[in-house]
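Please read these numbers as outputs of a predicted model, since none were measured by experiment. The sequence lines fix the lettering, A, B, ..., with proteins before strands; numbering per chain opens at 1.
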Number of protein chains: 2
Amino acid sequence: MHDEALLRKILIANHQKITKARLTVFNLLRSKEPQAIASIIAGCKGEVDRVSVYRVLDLYEKLGIVKRVNIGWKYKIELSDAFLDHHHHASCLGCGKVMSVMENGELEALIEKLSAKSGLTMTSHVLELYGYCYACDTNTKNRT
Amino acid sequence: MHDEALLRKILIANHQKITKARLTVFNLLRSKEPQAIASIIAGCKGEVDRVSVYRVLDLYEKLGIVKRVNIGWKYKIELSDAFLDHHHHASCLGCGKVMSVMENGELEALIEKLSAKSGLTMTSHVLELYGYCYACDTNTKNRT
DNA sequence: CATCAAATACAACAAAATTGCATTAAGAAT
DNA sequence: ATTCTTAATGCAATTTTGTTGTATTTGATG
């Protein structure tokens, strides 16, 4: 099923209307790196109001269509695993660059095991790596 | 080495001054659960200005003294592993309870490997598990 | 295509974070 | 110990980010 069809299916299943604002926001998130809300709002300029972006994202998170990820001091929004391959992030504390770290079966299995041991019926998990990319690591002036 | 001595060592090693603001913020973070910035600011009332709290935390994050952790939609600050035993969190989406998940050598080794592969000199990482604890899992009324 | 609730835009507001700059204080030099 | 220098702080102002209330519009339904 292609992305937008899945979106429509989720919205309908939850008795939510399919609106221009919701489609616009969704399309801005497709096939993209995690985006700051500010950049989504900018992308909606003239089409969808700021407030509606917040409300759409609010809904999308409740429905599991998007999730927040922390990148350093900021958070960004990305589509959930139902739309993207499951992955994690490696963020550079120097320059803010974010790299995607693809799923690794071995790791995921371990995380499953860990959650079971902790007595949690896990529905999702987040793994974020922080450090310095090659460029920043060899360039101390970015490290303060 | 006790906590404050380590803090001093890190600051000095990075040519940073040891100031009242930095000590006050540090002491608010010791032996505590992850804290919201707002609560750190509140704890500094009358002692350290809001703006300085932001600046101290900024520095502390760059130096790896603190890290952000995601608790649902909010982030909180906690001391890094140099000060606390390394651990992760398992949060119940039903009742909000947060359980500490202790270090697991196998998992940590994999994460190290993963970061190396991604080209990041990792200084820290965060793993957060979300789901439902036993009580909430058997009690669907908490699942919305 | 008429209806009606849900979703949106817009304005006003509130909260969180940042910036610029004058003042203070930490730590080095003497 | 005292002076000197620059980093760090406090404070005011501002910007950015997020929220609320409400009149209007729009999407789904019959």
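For the helix from C:dC1-D:dG30 to C:dT30-D:dA1, the end axes, each set by the C1' atoms of five terminal pairs, are bent relative to each other by 50° (nearest 10°).
A:L79 places a side-chain heavy atom less than 4.5 Å from the side chain of A:F26. Looking at heavy atoms from C-beta onward, B:V25 lies in side-chain contact with B:C44 at the 4.5 angstrom threshold. Between A:I111 and A:M122, the closest side-chain pair of non-hydrogen atoms falls below 4.5 Å. In this structure the side chain of A:E128 reaches within 4.5 angstrom of the side chain of A:V69, judged on heavy atoms.
Rounded to a whole Å, the CG atom of B:L63 is 10 Å from the P atom of D:dA8. Atom CZ in A:R68 sits roughly 13 Å away from atom P in D:dT17 (whole-Å rounding). At whole-Å resolution of the value, CZ in B:R8 and P in C:dA26 are 11 Å apart. B:D49 has its CG atom 15 Å from the P atom of C:dT19, to the nearest Å. Whole-Å rounding puts the B:K17 NZ to C:dA28 P distance at 9 Å. Protein atom CG of B:D58 is 17 Å distant from nucleotide atom P of D:dA7, rounded to whole Å. With rounding to whole Å, B:E47 atom CD is found 13 Å from D:dC11 atom P. Rounded to whole Å, atom P of D:dA12 lies 13 Å from atom CZ of B:R50.
Close to D:dA7, at under 4.0 Å from its OP1 or OP2, lies no side-chain N or O of B:Q16. B:Y54 has no side-chain polar atom (N or O) that falls below the 4.0 Å cut-off from OP1 or OP2 of D:dC11. For A:T19, a side-chain nitrogen or oxygen approaches OP1 or OP2 of C:dT8 to under 4.0 Å. Remark: A:R22 is in phosphate contact with C:dA7, judged by side-chain N or O atoms under 4.0 Å from OP1 or OP2.
The nearest heavy atom of DNA chain C to B:K20 and to A:A21 marks one nucleotide each, and the one closer to the 5' end goes with A:A21. Nearest-nucleotide positions on DNA chain D place B:R55 closer to the 5' end than the other of B:R55 and A:I41.
More than 12 non-hydrogen atoms from other residues, nucleotides or ligands lie less than 6.0 angstrom from NZ of B:K20.
Among the heavy atoms of the strands lying under 4.0 Å from A:V51 is at least one base atom, whether or not backbone atoms are also near. Counting non-hydrogen atoms under 4.0 angstrom, A:I18 reaches the backbone sugars and phosphates but no base.
Remark: side-chain polar atoms of A:R8 are not paired, donor with acceptor, to backbone N or O of A:I18 under 3.5 angstrom.
Of the candidates C:dT8, D:dG18, C:dA17, the closest approach to any side-chain atom of A:I37 belongs to D:dG18.
Using a 3.5 Å distance cut-off with no hydrogens or angles, the side chains of B:H125 and B:E108 do pair a donor with an acceptor.
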